[in-house]
Amino acid sequence: MTTYSQKILDRSIDPATHDMLEHAEKTGMTTIWDRFEAQQPQCGFGELGLCCRNCAMGPCRISPFDEVGPKRGVCGATADIIVARFLDRMIAAGAAAHSDHGRDIAHTLLMTAQGKTSGYQIKDEKKLAGLAAEFGVPTEGRTKEEIAEDVAKMAYEQFGQQEGALKFTQRAPEKRQALWKALNITPRGIDREVVENMHRTHIGVDNDAVNLILHGMRTSLADGWGGSMVATELSDVLFGTPTPRRSAVNLGVLKADEVNIIVHGHEPTLSELIVAASQDPEILALAQKYGAKGINVGGICCTGNEVLMRQGVPSVGNFLQQELAIMTGAVEAMIVDVQCVLPSLGSVAGCFHTKLISTSPKAKFPGATHMEFHEEHGYEIACDIVRAAVENYRFRKPGQVHIPDVQTECMVGFSVEAIVGALGGSLTPLIEAIAKKQIRGIAAVVGCNNPRVQHDYGHVNLVKELIKRDILVVTTGCNAIACAKVGLLLPEGAEMAGEGLKAVCNALGIPPVLHMGSCVDNSRILVTCAAVANALGVDISDLPVAAAAPEWMSEKAVAIGTYAVASGVYTVLGVVPPVLGGPAVTDLLVKGAEGVVGGKFGVESDPFKAADLIEAHINAKRTGLGLP
Ligand code: NFS
């Protein structure tokens, strides 16, 4: 048995990560954890949200101490104004990222419908028909391409819409829609809310913390019920709605005798075609010519989740493992598009034969080769990229190869449609199981890794604790991969659950933790909540449900947390957001919001205590519904 240093053990709970961290140490390579350590102590003003750089009279900072230091910025902004403006800008950036991803998918669907792309097809006609009905697009006697063209155009319009409500908000319970309307936070157009957010947070515009936070909620709703939902729905139309399937996760999925290609980033437009190109007979023959047994594609972060959910492509790891994947020395190419891609990857790749290939005009990286991806020639470009990886196999240095022998099997692919399918055609059995207290409630545990938290510790322990208490967990993003690594995404994982949940899982053959997809697929969780609330004739805020992001770090996570709260869901964060410097804003987020939107934030870094908070909340909601 290997014994690792305390420093390595403190950084992660994952054995594959321990192995690679020790390897990095021995070979003198630095990782994200080393850089995090080098940043200590981090700026106290920044941690509290008390610095403002929104204009050139600043930077300003507000003293958090009663007796000393300035209490207002140069413009006169108080701590609460500064904190609220900054939080709003985080939401705007997160909503922009998800929504721009959604826009790109709409673009791919439109071009595919018009016959202008290479390598794409419309795979889910049933989903397309459903969307056509929702958007009022006629289907009688029309081809799927004609219908898809109109649906894509309607989806496009959601971004630039100036008035009215975003189409998908109609999926929310009527009570919820009415509440948003009364509060004037119904999202109108996706781009509009992001632009207005940036306007309001400019010097000298919105200087009322409550008014700012309300618009932050509106912006986040434009993400959850807008951009993210567009991304999910249209991806399903193009690539197929996920269905349950088996795969594997962790660094051990890399193969010593094959060409290893990692897709990393977020948009399935590229990763789907890379997977297709990796099966091209001509390219496979080339790989064999160079002595490789085959071509092995693995994913990292959410583009990995997309191909894992739909194609069963194994996941190499979650956010904190991206540098470690290259350090195995066995990766011929890491192909990146947008989001969560560390700018350090180029220098790590520089120590090996690995090619870091950037593909999006929006995202270039130091040390990367840029092979720009365009849907018009999608398949040909994907083939060029895969070929470049194969050509690189002969430059692999066997002495540098170090692949941890760690991987775990998992079952993934639980779209709403797949969950309904597993339940035998409707959500009724789930609702009955909740009513009978076999399942106490549902928790969505999602989000990133963050070197502030021992890697995967928050994710795994919170989820284990929840299922033990008969709370069904749905997961996305980097939490899903953390859960997969410890066997929670297997039907056998039900052994770790309480008696009630275990019985339900065993009867249905499903895991106690259902992988619902990438982070934009948190929209699937909103749809599930809305469907359950509608079936019961109540609002989402009445349901025994909660959300958590134990290790979050990105602005996208802030947008997600905020739309969950604004949709009526109690949401527990494991990492403190930079708001504590604003007492009124903090009070609003963790208390006042509940009286306004029916949801609120909790902050708890200990996953066991977070489970207590969630259980207490779920119990209270059960009582509210008159359930045992
Ligand atoms: Ni979500 Fe997915 Fe992971 Fe966080 Fe990044 S990959 S989109 S932002 S780090 S969960």
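As the structure is a computational prediction, the values presented were derived from the model and not from experiment. Throughout, numbering of the chain's residues begins at 1 and tracks the sequence. All ligand and atom numbering here is 1-based and tracks the order in the structure.
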Among all protein heavy atoms in this structure, tell me which lies nearest to [atom], with the distance rounded to 0.1 Å.
atom: atom 7 (S) of ligand 1; result: His266 NE2, 2.8 Å
atom: atom 1 (Ni) of ligand 1; result: Cys519 SG, 2.3 Å
atom: atom 2 (Fe) of ligand 1; result: Cys302 SG, 2.4 Å

- Is any NZ, NE, NH1 or NH2 atom of the basic residue among Asp236 and Arg310 found under 4.0 Å from an Asp or Glu carboxylate oxygen of the other?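 Arg310 and Asp236: salt-bridged.
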- Query: Is any NZ, NE, NH1 or NH2 atom of the basic residue among Arg85 and Asp88 found under 4.0 Å from an Asp or Glu carboxylate oxygen of the other?
  - Reply: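 Looking at Arg85 and Asp88, the cut-off is not met.
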Could you tell me whether the side chains of [X] and [Y] share a donor-acceptor contact shorter than 3.5 Å?
X: His459; Y: Lys485; result: no
X: Gln39; Y: Glu37; result: no
X: Thr269; Y: Thr108; result: no

Just which atoms of ligand 1 are under 4.0 Å from any heavy atom in [X]?
X: Ser554; result: 8 (S)
X: Gly447; result: 10 (S)
X: Phe319; result: 9 (S)
X: Cys448; result: 4 (Fe), 8 (S), 9 (S), 10 (S)
X: Cys301; result: 6 (S)

- Query: Within Cys340, is some N, O or S atom less than 2.8 Å away from atom 5 (Fe) of ligand 1?
  - Reply: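 So Cys340 counts as coordinating atom 5 (Fe) of ligand 1, yes.
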- Audit row: Met229, Leu166, side-chain contact (heavy atoms from CB on, under 4.5 Å) steps and yes/no: CA-CA 11 Å; Met229 214 170 269; Leu166 288 178; over 6 Å; no
- Message: Angle between ring planes, Tyr156 versus His107, binned at 30° and 60°: parallel, tilted or perpendicular?
- Response: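 Ring orientation, 0 to 90° scale: tilted.
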- Message: Tell me which one of Val446, Val445, Ile442, Leu488 satisfies side-chain contact (heavy atoms from CB on, under 4.5 Å) with Val473.
- Response: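 Single pass found, and it is Val445.
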- atom 4 (Fe) of ligand 1 contact by Cys478, N, O or S atom under 2.8 Å: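 False for Cys478.
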- Mind checking whether Met553 has a heavy atom under 4.0 Å from ligand 1?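 True for this residue.
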- Task: Return yes when Ser518 approaches ligand 1 closer than 4.0 angstrom through a heavy atom, no otherwise.
- Result: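 Ser518 does not count as a contact of ligand 1 under the 4.0 Å cut-off.
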